[in-house]
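Presented below is the structure to which this report refers.
Because only heavy atoms are used, hydrogens play no part in the values below, and waters and symmetry mates are left out as well, while side chains stay in.
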Amino acid sequence: MATPKVTLKLLINKMERKVVFAEANKDFVDFLFYILSLPVGSIVKLLENKTTTTGCLGDLYQSIEALSETYMQPNQDKNSVLNPKFPKSLTEIPLLLPDNNSYESKPLKFYTCSRIETTFSGYTRHLYLADNPFSSCPICRQTMSCEMTFVSQVASTSTTAAVATKRGFVKDMVTYMVMDNLEVMPMSTISCIAWLNKFNVGDLGSLEEKVVNFGLDEGLKLLKASMECKNVFTTVFLGNKGA
């Protein structure tokens with residue numbers, strides 16, 4: 001399965017070998033918003049998969065991996081930390097998600113107490129639900145390991161179509177400016193001039209446009225660079241980290 005890609009148009013200062021800003025559409029800006037939704041454990045796992053450094057967080061991750069389950073609370077497991085669930089809507093922006101089953105959306109599962117009590121009206125269970133089969137029932141303290149059947153609501157075609165057109169965070173049909181430090185704003189002639197003045201770009205001949213593709217590899221590089229520097233596009237696309 002091919003990795004999804006979006007297109008960016010970079011405005012580059014040739015003299016300084018630095019990206020002034022990028023012209024981007026909704027898909028890329030939504031991707032930036034979704035980065036903030038990622039749990040830290042997911043970020044470490046994504047970067048470790050590509051043999052990039054994550055500092056001491058990588059060491060912490062590996063030490064938790066090696067830690068015996070014996071030291072975990074009965075209602076907790078290491079997987080919830082090492083492989084935290086992505087926010088449900090994150091699957092709409094798959095640029096950071098490697099093509100493997102561990103990141104596929106899994107069906108919801110709920111559990112209840114297995115204890116059945118006799119009442120005047122018949123038989124009844126303790127009416128509590130949990131999403132972890134190791135949770136304890138608040139009434140009898142037994143493990144809530146009895147799996148329930150989850151019935152999802154089937155959306156109508158019109159509802160599904162309406163949701164599809166409103167996915168993500170920002171509105172479509174708008175072009176956005178994304179600065180080298182990932183600041184985001186709607187693009188306009190005035191904002192372009194303002195930023196060119198801010199960077200003291202007097203000679204327009206020193207500027208050039210470059211169209212680049214942005215996919216999984218670039219997404220991981222951007223994620224890593226965003227935690228290390230403030231000139232992300234320059235670092236990722238020009239290899240000039242010290243610009």
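With sequence neighbours excluded, the residues satisfying side chain to side chain contact (heavy atoms under 4.5 Å, CB included) with S145 are T143. Contacts of A225 classified as side chain to side chain contact (heavy atoms under 4.5 Å, CB included), with partners at least two apart in sequence or in another chain: C229, V232, T235, V236.
In terms of heavy-atom proximity, S188 sits nearest to S191 at O-OG, 2.8 Å.
For the atom pair CE (M148) and CG (D131), the distance works out to 14.0 Å, reported to the nearest 0.5 Å. Here the CZ-CE distance, from F21 to M185, works out to 10.0 Å after rounding to the nearest 0.5 Å.
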For F31 and V6, run side chain to side chain contact (heavy atoms under 4.5 Å, CB included): C-alpha distance rounded to whole Å, both residues' side-chain angles, the deciding distance at 0.1 Å, then the answer.
CA-CA 10 Å; F31 165 75; V6 298; over 6 Å; no

Do E147 and F110 pass the side chain to side chain contact (heavy atoms under 4.5 Å, CB included) test, and can you show the C-alpha distance, the side-chain angles, and the key distance before you say yes or no?
CA-CA 6 Å; E147 185 174 340; F110 294 101; over 6 Å; no

Side chain to side chain contact (heavy atoms under 4.5 Å, CB included) between L222 and I35, worked out
CA-CA 10 Å; L222 181 144; I35 284 180; 3.7 Å; yes

Table please: side-chain donor-acceptor pairs of residues 206-215 below 3.5 Å, with sequence neighbours left out.
unit_1 : atom_1 : unit_2 : atom_2 : d
S206   : OG     : D203   : O      : 2.6

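Using a 4.5 Å heavy-atom cutoff, the side chains of E183 and W195 are in contact. Between K26 and V29 there is no side-chain heavy-atom pair separated by less than 4.5 Å. For the pair C146/C113, no side-chain contact is recorded, criterion being any heavy-atom separation below 4.5 Å from C-beta on. Residues M177 and M179 have side chains in contact (heavy-atom distance under 4.5 Å, counting atoms from C-beta outward). Taking the side chain as every heavy atom from C-beta outward, M187 and C192 approach each other to under 4.5 Å. The closest side-chain heavy-atom distance from L10 to F237 is below 4.5 Å. Here the side chains of Y111 and N132 are not in contact, with every heavy-atom distance at 4.5 Å or above. You'll find the side chain of T175 stays beyond 4.5 Å of the side chain of N25, heavy atoms only.
Under a hydrophobic-cluster definition in which Ile, Leu, Val, Met, Phe, Trp and Tyr are linked whenever side-chain heavy atoms come within less than 4.5 Å, directly or via other members, Y34 and L216 are assigned to the same cluster. Under the 4.5 Å side-chain heavy-atom criterion for ILVMFWY residues, no single connected hydrophobic cluster contains both V19 and M15. Residues L32 and M227 share a single hydrophobic cluster, defined by chaining ILVMFWY side chains whose heavy atoms lie under 4.5 Å apart. Linking Ile, Leu, Val, Met, Phe, Trp and Tyr residues whenever their side-chain heavy atoms come within less than 4.5 Å places I64 and V40 in a single cluster. No continuous path of hydrophobic side-chain contacts links I193 to Y176 [ILVMFWY only; heavy atoms under 4.5 Å].
Side-chain N or O atoms of D30 include one that pairs as donor or acceptor with a backbone N or O of V170 at under 3.5 Å. Checked by atom type and distance alone, the side chain of Y61 pairs as donor or acceptor with a backbone atom of L82 at under 3.5 Å. Side-chain N or O atoms of K78 include one that pairs as donor or acceptor with a backbone N or O of E65 at under 3.5 Å. The closest donor-acceptor contact from the side chain of T234 to the backbone of K18 lies at 3.5 Å or more, if one exists at all.
Checked against F233 for a side-chain contact (heavy atoms from CB on, under 4.5 Å), the options N181, L11, L182, I12 give a single hit: L182.
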